[in-house]
Amino acid sequence: MIGDRLDLALAAPDPALRRGRFRLKLVAGLFALLFAGLGFRLLHLAPDEPAVEVAAPARVPEEPARRRPDLVDRRGELLATDLRVPSLAADPTLVADPKRTAERLARIVPGLDAESLERRLAQAKAAGRRFAWVDHRVTPQVQRAVLEAGLPGILVRHAEHRVYPKGASAGHLLGFVDVDNKGLAGFEHALDHGRASGLRGLGRVALSIDLRIQEVVRDELARAAREFRPIGACGLVLDIRTGELLALVSLPDFDPNLAARARAEQRKNRCTGGTYELGSVFKVLSLAAALDSGKVRPLQRFEIPPALKIGRHRIRDVHRARRPYSVAEIFSHSSNIGTALAVFAAGGAEPLKSMLGRLGLFERAPIELLEVARPQLQRNWPDVVTATVSFGHGIAVSPLRFAEAVASLAGDGTLVRATLLKYPEGSAPAPGPRIASRRTVEELRWMMWLTVADGTAKKAAVPGYLVGGKTGTADKAGRGGYRKGAVLASFVGVFPLDDPRYLVLVVVDEPKASAASGGTRYGGQVAAPVVAAITARIGPLLGVRPSDPAVEARYRERLQALKATAALASETRLAALDARP
Amino acid sequence: MSLKPALALAAAALVTATAVFQLKFVVRERERELQAVRRAIEEERWRIRTLAADWAWRTRPERITGHAGRLGLVPARVDRFVRVEDLPDATHLEFAGRALTVDLGDGTAIELRFKPASAPLLGAGRR
């Protein structure tokens, strides 16, 4: 406008003024352009009427990382998950009358103790604290009742809580968490601190467990527990090819949802957290070591004396051998003396120690759990220790570690490492280092079959499957020696023997003799029937086809040959006795 | 500068200002909606988790076992395994001549018929 007036006053165009006017116009034009631009941009930004875009759903960011992953079994059954659960809390400074409030709450919330709550509220109030928990994890009904009661100072907090929908089914291996969702035991602990901590950020973790198998093992163990009233029991099923644990049951068990109420005895994981002198089942390992040394053959016979004297120690057998035993018979009839003799014939401590070492029996099992016990062994191995270790005394290992060792020998002879994590479909771990020769493995399988067919474990037979195994009845050590009458009855079974795939181990701690076991506490009477029942139930579930009759025929043929030579051996022995003056 | 363009500019400024405010309000509203939807999604997620947990609880082995007994289900047994080769010939014959219509996708449909397996094939299968 100044420009207009100037225009009127001074007609004579001054070049400087003209330049100024031109500049003004230029600036005005630029501003106009700018506004026009802004206007268009606004039109562009204005929302179209149907504002909801349907085509591409917006990606809502995943849940915060503080959540724990869901745990599922190998078939996707939910085992553990985080839920938003109401909890009751209080702002004590707002609670006018702690006594009345506590009494009313105790009437609404089941299991809440009025007196202790009153004390806590009063203390917190006196200290001026503004927060106190009243009760963790209440049901929605309780929550509503509390809100309806309208108690001043009482709050409902929604907090994430770990929930185990399958209850006690897999309590030991899952473990549990504290109120702040930190893992305190089992796999939950490993997820936070241990070998599975890398999986913490995942949404879900698939465990190797098959809940159906787990339940079968639990059911059969519980049945045995009712019959033999032991102080505890352990049962596990291991996939020999991959090392995946399909079931891991320890009795007595507990519900991880109520872990705080479980007794220490219930929380103890006997499969991994306890070490035991397992007894004769160990002969699987020691006789495999003897065979693998190449110095002992399965049909080689040993004269079995009534007692074996080593220094001032005497080793005896439960059932005296009346004739020379072959290694296979030492195994199937579970002769302690015979095993010790075979191990000495194979070279004594060195081959045995080397085998046990290669199997990892001197170390802790690297499983994804908190409760993993370190094996207990003697520092020095004089002859007497070598002899006792050969039949499973003087060395204490966890049942899991032992199961891994047997799986390594009964499978294809390469090292098996147990895991609680499922391998993704179609992938399998690379085979471990070779532990025993193929020949040893073959012989061992036959010897395990022999034990079931014509040895101490006849009750482990399962119609349809070729089953092999080894019984164990170990005296339990107490203060200053072995306790009388307290034994550990066990059986380790492998099926189907024509193509070993699964290992079933049952350990019963201090069974009482009953009619079902013929008044004895032997592993063959107590544990073997449990393994047979488990095998018969899980085989079809796992899709294991009945065994090849041709393999069984071959095994039987070898048994006949063995019997013939045994008869011959005892005849010649009798003849020799007769010939004596 | 003349009056007219100046007025036009002023008007344009007013209009844009109004539009900007309008937009601001709309955007704020949208943001609120978005937040509500996010909350609802989160809420639903928890509901789904709760339902999944509920399902897992209802399908826990003890309960299933109880129902299985009532429904007359029996455990799988080793002796119930049958190989296809061991099945009697009747099963081959039962389906013989039965028609199966197959839609080829382009509108044409053809009819397939099961043929009874020939005797030599059966013999080979049965060993």
Side-chain angles (χ1 to χ4, degrees), chain A residues 1-4 21 24-25 27-29 31-32 35-36 38-39 41-43 45-47 51-52 58 60-61 63 70 72 77-85 158 160 163-169 211-212 214-216 218-219 462-465 535-537 539-541 543-547, chain B residues 1-3 5-6 8-27 29-30 33-35 37-65 74-83 86:
Chain A
M1 272 188 262
I2 293 169
D4 285 343
R21 249 168 61 186
L24 273 174
K25 274 186 181 160
V27 170
F31 267 101
F35 273 116
L38 273 176
R41 179 75 187 125
L42 274 176
L43 279 179
L45 283 178
V52 183
V60 180
E63 291 119 68
D70 285 353
V72 296
E77 289 273 359
L78 190 64
L79 300 176
T81 187
D82 279 0
L83 287 190
R84 188 176 276 182
V85 184
H158 284 271
E160 292 173 25
V163 173
Y164 304 93
K166 301 295 185 188
S169 281
L211 198 69
R212 303 170 306 173
Q214 175 86 6
E215 195 54 28
V216 168
R218 192 162 159 248
D219 189 38
V462 178
Y465 289 135
T535 305
R537 281 175 74 181
L541 281 182
V544 180
R545 301 201 309 182
S547 294
Chain B
M1 200 196 266
S2 60
L3 192 62
L9 271 181
L14 258 172
V15 169
T16 24
T18 326
V20 166
F21 272 107
Q22 199 73 40
L23 187 65
K24 192 179 161 184
F25 290 135
V26 170
V27 167
E29 190 52 38
R30 282 292 148 84
E33 271 170 37
L34 182 66
Q35 223 149 49
V37 169
R38 282 221 172 109
R39 244 199 317 272
I41 289 174
E42 182 68 15
E43 210 62 31
E44 284 305 308
R45 268 214 180 120
W46 281 113
R47 267 174 55 77
I48 292 168
R49 294 180 80 90
T50 311
L51 290 174
D54 194 34
W55 172 253
W57 167 246
R58 279 164 200 275
T59 54
R60 65 193 187 277
E62 300 102 281
R63 193 161 175 269
I64 298 280
T65 316
V74 292
R77 289 210 323 252
V78 189
D79 54 16
R80 308 252 162 123
F81 268 89
V82 175
R83 289 186 301 185
D86 296 341

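The sequence lines fix the lettering, A, B, ..., with proteins before strands; numbering per chain opens at 1.
Cation-pi geometry between B:Arg58 and B:Trp55 is not met: the NZ or CZ atom fails to fall both under 6.0 Å from the ring centre and inside 45° of the normal.
A:Glu215 has a carboxylate O that lies under 4.0 Å from a charged side-chain N of A:Arg218, or vice versa, which qualifies the two as a salt bridge. A salt bridge is defined here as a Lys NZ or Arg NE, NH1 or NH2 lying under 4.0 Å from an Asp or Glu carboxylate O, and B:Glu42 with B:Arg39 fails to meet this definition.
With a 4.5 angstrom heavy-atom cutoff, B:Arg77 touches chain A only via backbone atoms. Residue contact with chain B, scored on non-hydrogen atoms closer than 4.5 Å, is absent for A:Val85. In this structure, chain B has a heavy atom under 4.5 Å from the side chain of A:Asp70, while its backbone stays farther away. With a 4.5 Å cut-off on non-hydrogen atoms, B:Val20 touches chain A through its backbone and its side chain both. Contact annotation for B:Glu43: only side-chain heavy atoms (C-beta onward) come within less than 4.5 Å of a heavy atom of chain A. If you measure heavy-atom distances from B:Ala8 to chain A, you find no contacts under 4.5 Å at all.
A side-chain donor from one of A:Thr81 and B:Arg49 sits under 3.5 Å from a side-chain acceptor of the other.
You'll find the side chain of B:Thr59 reaches within 4.5 Å of the side chain of A:Lys166, heavy atoms only.
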